[in-house]
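The next block holds one structure in the form of structure tokens; read it before the comments.
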Amino acid sequence: MYRSHTCGELRLNNAGNQVTLAGWVQTVRKFGSITFMDLRDRYGITQLYFNEKMNPALDGNPVGREFVLQVTGSVLERTNKNPKLPTGDIEIEVADFKILNASATPPFTIEDDTDGGDELRMKYRYLDLRRPVLKRNLELRYRVNRSVRTYLDGLGFWDIETPYLIKSTPEGARDFVVPSRMNPGQFYALPQSPQTFKQLLMVSGYDKYYQVVKCFRDEDLRADRQPEFTQIDCEMSFVEQEDVLNTFEGLFKQVFRDIKGVDIAEAFPRMTWEDGMWLYGNDKPDIRFGMTINNLKTPLRKTAFAYGDYKDGLAFKVFDEAETILAIAVPGCAEYSRKQTDELTEWLKRPQIGMNGMVFVKCNADGTFKSSADKFFSEDTLKAMAAQCGATAGSLILILAGPEARTRKAMSELRLEMGNRLGLRRHDDYKPLWVIDFPLFDYDEEENRFVACHHPFTSPKPEHLHLMDDRSAYGSIKANAYDIVLNGTEIGGGSIRIHQKDIQEKMFAALGMSKEEAHEKFGFLLGAFEYGAPPHGGIAFGFDRLCSLLGGQESIRDFIAFPKNNAGRDVMIDAPSAIDDKQLNELKLKTL
Ligand code: ASP
């Protein structure tokens, strides 16, 4: 028997017990003729005490950090208790010990507050994973996974695996491809998602499917993306949008209850994509705080500004020439100093935001107004503006003017920034919502064609189906598609699918695919749709991101046992790497 207890379980009521523990040595503290050590395992840390009698044995068998040690001894009440440790009331008076394995000196300290940099910790990920902070993250991941499975199992969903070696298809991101030795010159692709397979399972009659599944996308990596990531992937038959939303709202409520002990009683709000874009400036609104965006422009006015003429017959070009004028009222900031408003202006001028400046209006506590564009605005105008923005006394109204897309994006960022500055975006304040009624198509300026806003299998709203025959109307077709958003982050999305062959063909054609091309790429799906495809729909959630949000942390990497770095590399195993000529020959491949 290697151990009678773990390093996290002994308490004061165990005092006097004879125990055996095994674990890793976190610290060694020698005080003259006695020594203390902290012994760590997955469950916690327990202090070891080597008394005068035991200490000489240590001199003959020196024990260093990260040695694997087995100790036997009795549980003692500590005189100097450590309230920060669950085991802090006791220590083990060691009677015997055995070094199970020695350790080289670790390249960084194995503690939450480590001295190791990112690259170093990635290289020695197996050591990094010993740190309690990562252990807690992986534990949370496991618990979320289990909660999801239990919920779906309870509703009769089946976990059915789908293949990893599939066919490369256009649309979406770039595929990772795998050469086939048995079929020289041909390649599999790794799935970007099991989308078509889960739809085929619906055709096969497996009406409730789910999988916690790896997906692969060969994209340029932002800090929070991974080339391989995990989705909770689900699909159901004989459902309408409402059925899907209700089923998965239930899933989230269960996960919040299990993981955070939070009961969300009320239904998740549902916001149209259009409202998200106008009121929050994006399709993943952070509704932990208000400060919604107001549109100050109306094309009907002579000056093109919602409140009519400017003061003294002046023209304010910044507004008149702008495609859009947007404003938010930031509560409690009317007393911002010149320095603070200048600093905000500089913040907006950074290339990431790209605005030329901003106009502000201070709604003073005494009911007066002060604006950076006072010259143009009468007191009445400022008052009307404040009323439209819902600004109360003490608010600072921030106004941006410019081209629509850029101004909206900048206002969205500014709103989030002000939310941060006012402490309105707390990690533990969970505010999920559904965003619905997405457009079916986006126009890709670079490729000069329509692309699927979600993916090509998403169905248009039935009342917009006829618009599929009119190219000029593509931009106004809405889809039966939905996203779930948590605290300003999209954590899942899905749609009711197309299940009729002719509509699916129309969709492929709308995306610029010839009939032949559509059949070559997706013939299997179109074929299946000829054999009684049921109405169906589903959703997929970003599992890594969901875990990081529930863990209150920014990076998904810290919730993945063995992640890649920003260059898509695993620096621990040193992948990707070259393969030898023999392998290349077998695959009939040459590298350039
Ligand atoms: N397969 C889709 C995705 O990965 C999700 C879905 O529509 O179910 O985004």
Side-chain angles (χ1 to χ4, degrees), residues 148 152 157-164 166-176 189-203 206-219 224-237 239-241 243-249 251-252 273 283-284 434-442 451-461 478-486 489-499 504 507 511 521-522 525 533-546 556:
V148 166
L152 292 174
F157 280 78
W158 283 1
D159 176 349
I160 304 175
E161 287 155 272
T162 51
Y164 279 166
I166 66 166
K167 184 186 174 88
S168 186
T169 53
E171 290 297 324
R174 203 176 289 113
D175 284 330
F176 278 103
L190 301 179
Q192 296 186 25
S193 86
Q195 185 62 35
T196 48
F197 287 95
K198 65 174 170 175
Q199 291 192 242
L200 292 173
L201 285 171
M202 296 304 114
V203 178
Y206 297 89
D207 64 345
K208 288 176 177 176
Y209 142 95
Y210 85 101
Q211 222 183 149
V212 180
V213 63
K214 273 286 171 74
C215 301
F216 307 85
R217 295 183 191 172
D218 188 3
E219 295 174 302
D224 60 346
R225 288 251 179 106
Q226 286 281 309
E228 56 174 301
F229 58 96
T230 305
Q231 278 191 350
I232 302 164
D233 191 47
C234 311
E235 197 75 8
M236 305 166 82
S237 293
V239 285
E240 291 171 345
Q241 178 165 307
D243 303 311
V244 179
L245 300 195
N246 289 331
T247 302
F248 294 100
E249 190 161 317
L251 170 74
F252 270 87
W273 175 86
D283 58 6
K284 38 183 188 327
W434 292 103
V435 178
I436 56 173
D437 299 352
F438 276 78
L440 186 66
F441 298 110
D442 278 336
V451 293
C453 180
H454 195 50
H455 55 52
F457 315 106
T458 297
S459 64
K461 294 237 171 247
K478 292 282 188 287
N480 265 329
Y482 34 80
D483 275 357
I484 186 162
V485 172
L486 177 62
T489 302
E490 181 215 317
I491 46 172
S495 56
I496 297 299
R497 324 298 183 188
I498 298 168
H499 67 282
Q504 188 63 70
M507 183 69 185
L511 299 173
K521 300 286 182 193
F522 294 109
L525 188 70
H536 61 285
I539 193 163
F541 305 98
F543 182 51
D544 311 290
R545 166 69 48 218
L546 175 62
I556 62 169

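Indexing begins at 1, ligand by ligand and atom by atom, following the structure's order.
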Next item on the list: Of all the heavy-atom pairs spanning R497 and I539, show the shortest one and how long it is.
Entry: NH2-N, 3.6 Å

Next item on the list: Take the angle between the ring planes of F522 and F457 and call it parallel below 30°, perpendicular above 60°, tilted in between.
Entry: perpendicular

Notebook entry, point to check: In the protein, which heavy atom is nearest to atom 2 (C) of ligand 1, and how far is it?
Noted result: Q195 OE1, 3.5 Å

Next item on the list: Check each atom of ligand 1 against the heavy atoms of I539 and keep those under 4.0 Å away; list them by number with element.
Entry: 8 (O)

Next item on the list: Considering the heavy atoms of H454, write down every atom of ligand 1 situated less than 4.0 Å from one of them.
Entry: 7 (O)

Next item on the list: Would you mind telling me if ligand 1 is within reach of the side chain of E490, the backbone, both or neither, using heavy atoms under 4.0 Å?
Entry: neither

Item checked: R497 N/O under 3.5 Å from ligand 1 N/O -> yes

Margin query: Any heavy atom of Q192 closer to ligand 1 than 4.0 angstrom?
Written below: no

Next item on the list: Could you list the atoms of ligand 1 found under 4.0 angstrom from a heavy atom of K198?
Entry: 6 (C), 8 (O)

Margin query: With the threshold set at under 4.0 angstrom, would you say Q199 reaches ligand 1 through any of its heavy atoms?
Written below: no

Next item on the list: Apply side-chain contact (heavy atoms from CB on, under 4.5 Å) to V435 and K284, showing your working.
Entry: CA-CA 7 Å; V435 178; K284 38 183 188 327; over 6 Å; no

Checklist line | Which segment of T458 sits under 4.0 Å of ligand 1 when only heavy atoms are counted | finding: neither

Next item on the list: Show which atoms of ligand 1 fall inside a sub-4.0 Å distance from at least one heavy-atom site of G494.
Entry: 6 (C), 7 (O)

Next item on the list: Name the orientation class of the two ring planes belonging to F541 and F248 (parallel below 30°, tilted from 30 to 60°, perpendicular beyond 60°).
Entry: tilted

Margin query: Any nitrogen or oxygen of H455 lying under 3.5 Å from a nitrogen or oxygen in ligand 1? Just yes or no.
Written below: yes

Check: What atoms in ligand 1 come closer than 4.0 Å to a heavy atom of S193?
Finding: 1 (N), 4 (O)

Check: Angle class for the F438/W273 ring planes (parallel below 30°, perpendicular above 60°, tilted otherwise)?
Finding: tilted

Next item on the list: Show which atoms of ligand 1 fall inside a sub-4.0 Å distance from at least one heavy-atom site of Q231.
Entry: 3 (C), 4 (O)

